[in-house]
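I have placed the structure first, in the form of structure tokens, so that the comments after it can refer back to it.
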Amino acid sequence: MTATVEAPSRPAHRDPQVLRWLGAHTASTLGDSVYHLALSWAAVSSGTPAQAGLVMAVSAVPRALLMLGGGVVADRLGPRRVVIASDAVRALVVLGLAATLFLASPGLWALAAVALVFGTVDALFLPAVGALPPRIADRDQLARVQGMRGISHRAGAVLGAPLGGLAVAVGGPATAFGFAGVLFALSLPLLSALRFRPLPTAEEAREGAALRDLVDGLRYLRGHRVLGPLMVVVLLGDLGFVGPLNVGLAVLSEQRGWGASGIGWILAGFGAGAGAASLLLAVRGRVPRAGAVSGWTMTAGAVAIGALAFTPHLPVAAVVALAVGLLAGLSGALCNALVQTECDPAYLGRVTAVSGLASLGIAPLSFPVTGAAIDLWGTGPVFAVSASVCALAGVHTLAVPALRRAELPTP
């Protein structure tokens with residue numbers, strides 16, 4: 001294969017290719033946020049809270065079951081085709097639901113069906129999105145791309161909720177679903193305009209059975225000195241982090257008398273810290289001694305998570321949450337950047353699928369466990385256990401020599 005390499009490498013934040021991809025990613029992330037808000041509102045309006053909870057949980061099942069297969073599809077067909085097809089399906093399905101809600105009241109079954117489709121599409125979309133950066137940017141710019149992606153994700157999450165709420169207030173869930181569909185559709189011309197780089201091993205990934213591809217990917221991951229231990233870190237970090245953030249904060253805020261606004265301030269602090277970490281990586285392009293820094297920041301972030309449960313005042317809790325977001329956000333961004341730079345691009349879809357399965361498939365199982373543990377022992381001990389799990393992830397990073405010494409390419 002003959003590849004054209006620019007010399008010197010163009011910085012990612014000045015590369016039209018990367019900027020088009022970033023615009024498409026932001027539009028898709030905004031659409032996802034608006035869609036989830038509209039879905040939750042429509043489900044609550046159409047049924048009981050328990051029924052609404054089931055509708056919201058439906059998408060998690062196919063996403064968890066099919067995620068590894070989605071990684072195989074991304075590596076076989078190429079991430080460009082999968083991402084474009086995924087956003088096209090999401091746009092059509094959501095616009096179809098919006099039209100249905102304008103004309104009739106189909107009930108919860110229609111919402112559940114759309115959620116099921118979304119979970120299936122997510123299982124294909126998420127690994128493909130993770131495999132895209134090496135196709136559009138040089139290897140020494142991948143860390144900066146991950147920082148830019150983190151900023152895009154935070155912006156989509158922060159702006160999507162109020163935009164979705166405004167759409168619901170103006171025209172109800174149908175208008176919000178329509179708006180989400182337009183955002184998904186907006187990503188399509190931006191993605192189609194990208195010029196993707198062929199990879200020398202892309203054809204090899206298409207040979208043989210799909211199951212063999214999956215086994216080969218898992219074998220590659222297990223034998224890799226950095227990526228194998230890194231997947232353990234991702235799993236431990238998410239298991240220790242997502243429970244307190246999604247369940248523990250609500251209970252803690254109620255116990256402290258901070259109310260819903262208190263949760264908002266704490267989440268805002270976390271989001272600001274995580275956004276700052278992504279901005280740091282986007283601007284600098286790399287962090288020296290990335291593996292060691294990731295381990296130390298994860299360990300320090302674990303201490304901050306444990307401190308949240310023992311913080312009696314909301315302003316102090318918001319500052320602690322800011323520290324959690326900065327430390328955990330930097331560690332997570334570095335982990336993602338190491339996946340991008342250490343992995344053979346032909347396996348990147350499958351490796352991203354394993355990482356996504358840990359984050360979106362296994363870690364959410366801690367929600368009911370966290371709630372039950374808080375009922376039995378209270379928030380303090382549960383936050384302490386969660387902090388210990390996160391600290392274990394940091395210690396594991398520092399204890400594995402290849403992972404501790406892992407470096408990002410110099411831009």
Would you be so kind as to tabulate the donor-acceptor pairs closer than 3.5 Å made by side chains of residues 331-338, with sequence neighbours excluded?
from, atom 1, to, atom 2, distance (Å)
S331, OG, S294, O, 3.3
S331, OG, S294, OG, 3.2
N336, ND2, G332, O, 3.4

Reported CZ-to-CG distance for the pair R20 and D15, which is rounded to 0.5 angstrom: 8.0 Å
Side-chain touch Q340/L348, heavy atoms, less than 4.5 angstrom: yes
Pairwise side chain to side chain donor-acceptor pair (under 3.5 Å) hits with a residue in residues 377-390, at least two apart: Q255-T379
Residue pair L191 / V83, side-chain heavy-atom distance below 4.5 Å: yes
Side chain to side chain donor-acceptor pair (under 3.5 Å) involving S28 - partner list, sequence neighbours excluded: D87, R90
Any residue meeting salt bridge (charged side-chain N to carboxylate O under 4.0 Å, His left out) with D216, in chain and number order, not counting sequence neighbours: R219
Selection residues 268-326 - residue pairs positive for ring pair (Phe, Tyr, Trp, His ring centres under 6.0 Å), sequence neighbours left out: F241-F270
Closest non-hydrogen atom pair, A321 against L308: N-CD2, 4.3 Å
CG on L101 to CG on L111, rounded to 0.5 Å: 6.5 Å
Results of side chain to side chain contact (heavy atoms under 4.5 Å, CB included) for V400 - residues two or more places apart only: P229, H396, L403
Side chain to side chain, M298 and V233, heavy atoms closer than 4.5 Å: yes
Residues which pass side chain to side chain contact (heavy atoms under 4.5 Å, CB included) with A323, listed by chain and number, not counting sequence neighbours: none
Contact list for residues 142-167, test ring pair (Phe, Tyr, Trp, His ring centres under 6.0 Å), sequence neighbours left out: none
Minimum heavy-atom distance between V293 and P288, given as atom pair plus value: CG2-O, 3.4 Å
Closest heavy-atom pair and its distance - L108, A43: CD2-O, 3.8 Å
Rounded distance (nearest 0.5 Å) linking atom OG1 of T341 with atom CG of D140: 11.0 Å
Pairwise side-chain contact, L126 with M67, heavy-atom cut-off 4.5 Å (strictly under): yes
ring-ring contact (aromatic ring centres under 6.0 Å, His included) partners for F184, two or more places apart: F118
Set of residues satisfying ring-ring contact (aromatic ring centres under 6.0 Å, His included) with respect to H25, sequence neighbours excluded: W21
ring-ring contact (aromatic ring centres under 6.0 Å, His included) against H224, all qualifying residues, sequence neighbours excluded: Y220
Distance-minimising heavy-atom pair for R256 and T311: NE-O, 3.3 Å
Any residue meeting side chain to side chain contact (heavy atoms under 4.5 Å, CB included) with A402, in chain and number order, not counting sequence neighbours: R225, V226
Side-chain heavy-atom pair L221, R350 within 4.5 angstrom cut-off: no
Any side-chain heavy-atom pair of P79 and V129 under 4.5 Å: no
Distance, nearest 0.5 Å, that separates CG of L183 from CG of L163: 8.0 Å
